[in-house]
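When a ligand or atom number is given, it counts from 1 through the structure's own listing order. All values below were derived from every heavy atom in this structure, side-chain atoms included, with hydrogens, water molecules and symmetry-related copies excluded.
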Amino acid sequence: MSLADDVEEVLIPEEVLRARVQELGRQISSDYEGKQPLLVGILTGAVFFVSDLMRAITIPCHLDFMATSAYGTGTENTGVVRILKDLNESIEGRHVLVVDDIVDTGLTMDYLLTTLKARYPASLAVCVLLDKAERRRREVPLRYVGFRIPDRFVVGYGMDYAGLYRNLPYLCVLKPEVYR
Ligand code: IMP
């Protein structure tokens, strides 16, 4: 059995993803020139994105991770966020760029930004691969957006359904029977 058998439609192919991540890396390198930003990757969904993005950045930069979890499983966010793993380093006085896979309702990012802002970074911005703007319940400032996507549940390139499909190299929608 191959994971690809469960794919209904590829929304963003691998080459398109790769090209956009390179563009974002160039843009960030130019915007943060002279600043040594700290990339904060949000586990687990953003692992491939942040590792590709960091390699597309040509200025000196640092990397740390946080893990959050929305209570509940499946495809609905209940709005309650927990920090499962906090940063290893202090962000006081640093230029922090939060790197996440997707902003959907915005509840997770809103909570994260409030938490990080309270730690006195020199600057705080967000780079997100996917923006599902239609579903937004909290307005969150997104400085860098890879792609705006419609309201569909996507997997691949680090994003999962029930813990699976992260290793698909493209972004796709699964067949409805997978959810039954
Ligand atoms: P928000 O708090 O509703 O913005 O949701 C953010 C989190 O929900 C993301 O970091 C993902 O973990 C998860 N999520 C939202 N939409 C999708 C999707 O289409 N596929 C996979 N995970 C998703």
Is Met109 close to ligand 1, meaning an N/O of one under 3.5 Å from an N/O of the other?
-> no

Practice problem: Return yes or no for this condition: an N or O of Asp101 is under 3.5 Å from an N or O of ligand 1. | Solution: yes

Contact atoms of ligand 1, heavy-atom distance to [X] under 4.0 Å:
{"X": "Val154", "result": "18 (C), 19 (O), 20 (N), 21 (C)"}
{"X": "Gly106", "result": "1 (P), 3 (O), 4 (O)"}
{"X": "Thr108", "result": "1 (P), 2 (O), 5 (O), 6 (C)"}
{"X": "Asp160", "result": "21 (C)"}

In this structure, does ligand 1 have an atom that sits under 4.0 Å from one of the heavy atoms of Lys132? yes

Review point. With a 4.0 Å cut-off on heavy atoms, does Arg152 reach ligand 1?
Key: yes

Checking the side chain of Arg20 only, and the main-chain atoms of Gly146 only, is there a donor and an acceptor separated by less than 3.5 Å?
yes

To the nearest 0.5 Å, atom CZ of Arg26 lies from atom CG of Asp31 at 13.0 Å

Rounding to 0.5 Å, atoms NZ (Lys35) and OG (Ser123) come to a distance of 6.0 Å

To atom 22 (N) of ligand 1, the nearest of Tyr165, Phe153, Tyr111, Tyr161 on a heavy-atom basis is Phe153

Give me the ring orientation class for Tyr32 and Tyr144: parallel if the planes are under 30° apart, tilted from 30 to 60°, perpendicular past 60°. tilted

**Study point:** Aromatic plane relationship, Tyr157 with Phe48 - under 30° parallel, 30 to 60° tilted, over 60° perpendicular
**Key:** tilted

Closest heavy-atom pair, Phe65 versus Val50, reported as atoms and distance to 0.1 Å, is CE2-CG1, 3.8 Å

From the list Leu129, Asp101, Ile149, Val16, side-chain contact (heavy atoms from CB on, under 4.5 Å) partner of Leu171 resolves to Leu129

